[in-house]
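First up is the structure itself, then whatever we jot down about it.
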Amino acid sequence: MSVRLDFSSRRQGPIVGHNLIAEIPGLDRKSEDEAIVCAHYDTVWTTPGAYDNASGVVALLALAEALVEHPLARPLRLIFFSGEEWHLAGSRAFVEDLNPKELARVAFVLNVDGIGRGRLLEVSVGPESFEWNVKRLVDSHGRRNGIRCVTRFPPLPGSDHAPFYEAGIPAAHLTFNDWQILHRFDDTPNDGSAENIVYVIDLVLHLLGHLPERAAPRASGVT
Ligand SMILES: [Zn+2]
């Protein structure tokens, strides 16, 4: 048996992506201490992208609704990044555009990327002092339905928290890793991840309410 496969491709010109940024002012108008929660909305071309990363986008939309109703003390930016699957183009451009004063205002970044099936929440996070705080708060939030959590330091380089972390900002990447469908044609909506999406929304609200003010700048070099 022979199979014939035709593949036609062509170079495009420059492609423009758009990050969508929602700013939610804090109740404390004097607070300079800003939190960022982000999720990328692009996918690789081979997949519908329900897990990677419509799940994260749904979580951010729900957070926007909850936080407009009940704002935090600190100001918050919810960022829907484009170009994550293209060398983190959207988040890299965003961080590059921040001036030193704006960079110093960012207390931490929570990146919601891939809420799949299963019971294991993986948090890739740094620096270690921030890992400790996140771990403590995940524990105090309580585990539902047998959800376990593992934290890993240093944070993995492959998602939108990475440019922030490289710029010295405490950052965490939250995922229920569903690698069996990652970047595949069968990454389609399924009921198995809905409960985890609800869990992550509640957990992020808990983290936003309790993570401490901006820590001292991270020391450069290996920790
Ligand atoms: Zn992703």
Side-chain angles (χ1 to χ4, degrees), residues 15-22 35-64 77-96 106 108-126 130-131 134 138 147 149-167 169-204 207-208:
I15 295 174
V16 175
H18 298 278
N19 297 329
L20 180 63
I21 303 169
I36 289 178
V37 184
C38 65
H40 72 89
Y41 69 84
D42 62 312
T43 67
V44 295
W45 65 277
T46 48
T47 175
Y51 153 66
D52 185 20
N53 186 34
S55 62
V57 170
V58 165
L60 254 66
L61 291 172
L63 285 166
R77 266 194 275 196
L78 296 172
I79 308 181
F80 303 82
F81 279 124
S82 180
E84 192 269 355
E85 305 287 7
W86 192 252
H87 308 293
L88 316 180
S91 52
R92 286 204 185 285
F94 178 83
V95 173
E96 278 168 20
V106 182
F108 57 83
V109 173
L110 303 175
N111 175 26
V112 183
D113 185 9
I115 310 172
R117 299 162 294 182
R119 302 265 68 105
L120 182 64
L121 171 69
E122 296 179 51
V123 185
S124 169
V125 53
F130 188 58
E131 178 191 21
V134 169
V138 172
I147 287 175
C149 173
V150 61
T151 60
R152 295 199 176 93
F153 169 83
L156 299 170
S159 187
D160 287 327
H161 58 286
F164 292 94
Y165 183 67
E166 287 163 16
I169 297 170
H173 169 254
L174 291 86
T175 187
F176 280 84
N177 194 341
D178 210 340
W179 57 269
Q180 295 97 329
I181 55 171
L182 180 68
H183 296 175
R184 282 173 49 105
F185 66 92
D186 53 354
D187 178 4
T188 52
N190 66 77
D191 293 338
S193 52
E195 203 178 321
N196 288 343
I197 293 173
V198 171
Y199 171 81
V200 168
I201 293 164
D202 283 350
L203 176 64
V204 170
L207 293 172
L208 288 172

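Both ligands and their constituent atoms are indexed starting at 1 by order of listing. Nothing fancy with the numbering, it's 1 onward along the sequence.
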Problem - salt bridge (Lys or Arg N to Asp or Glu O under 4.0 Å) between R92 and E84, intermediate numbers included - result: CA-CA 9 Å; R92 286 204 185 285; E84 192 269 355; over 6 Å; no

Handout entry: E85 and H183 side chains, donor-acceptor separation under 3.5 Å
Key = yes

Practice task
Check whether any N, O or S atom of D52, backbone or side chain, sits closer than 2.8 Å to the Zn ion (ligand 1).
Solution key: yes

Problem - Atom name in H40, limited to N/O/S, at shortest distance from the Zn ion (ligand 1) - result: NE2

Exercise for the section: Assign the ring pair F94 / F164 to parallel, tilted or perpendicular, where the plane angle (0 to 90°) is split at 30° and 60°. Expected result: tilted

Exercise for the section: Tell me whether D113 has at least one N, O or S atom under 2.8 Å from the Zn ion (ligand 1). Expected result: yes

Practice task
Determine the minimum heavy-atom distance between A50 and P189, stating which atoms define it.
Solution key: CB-N, 3.4 Å

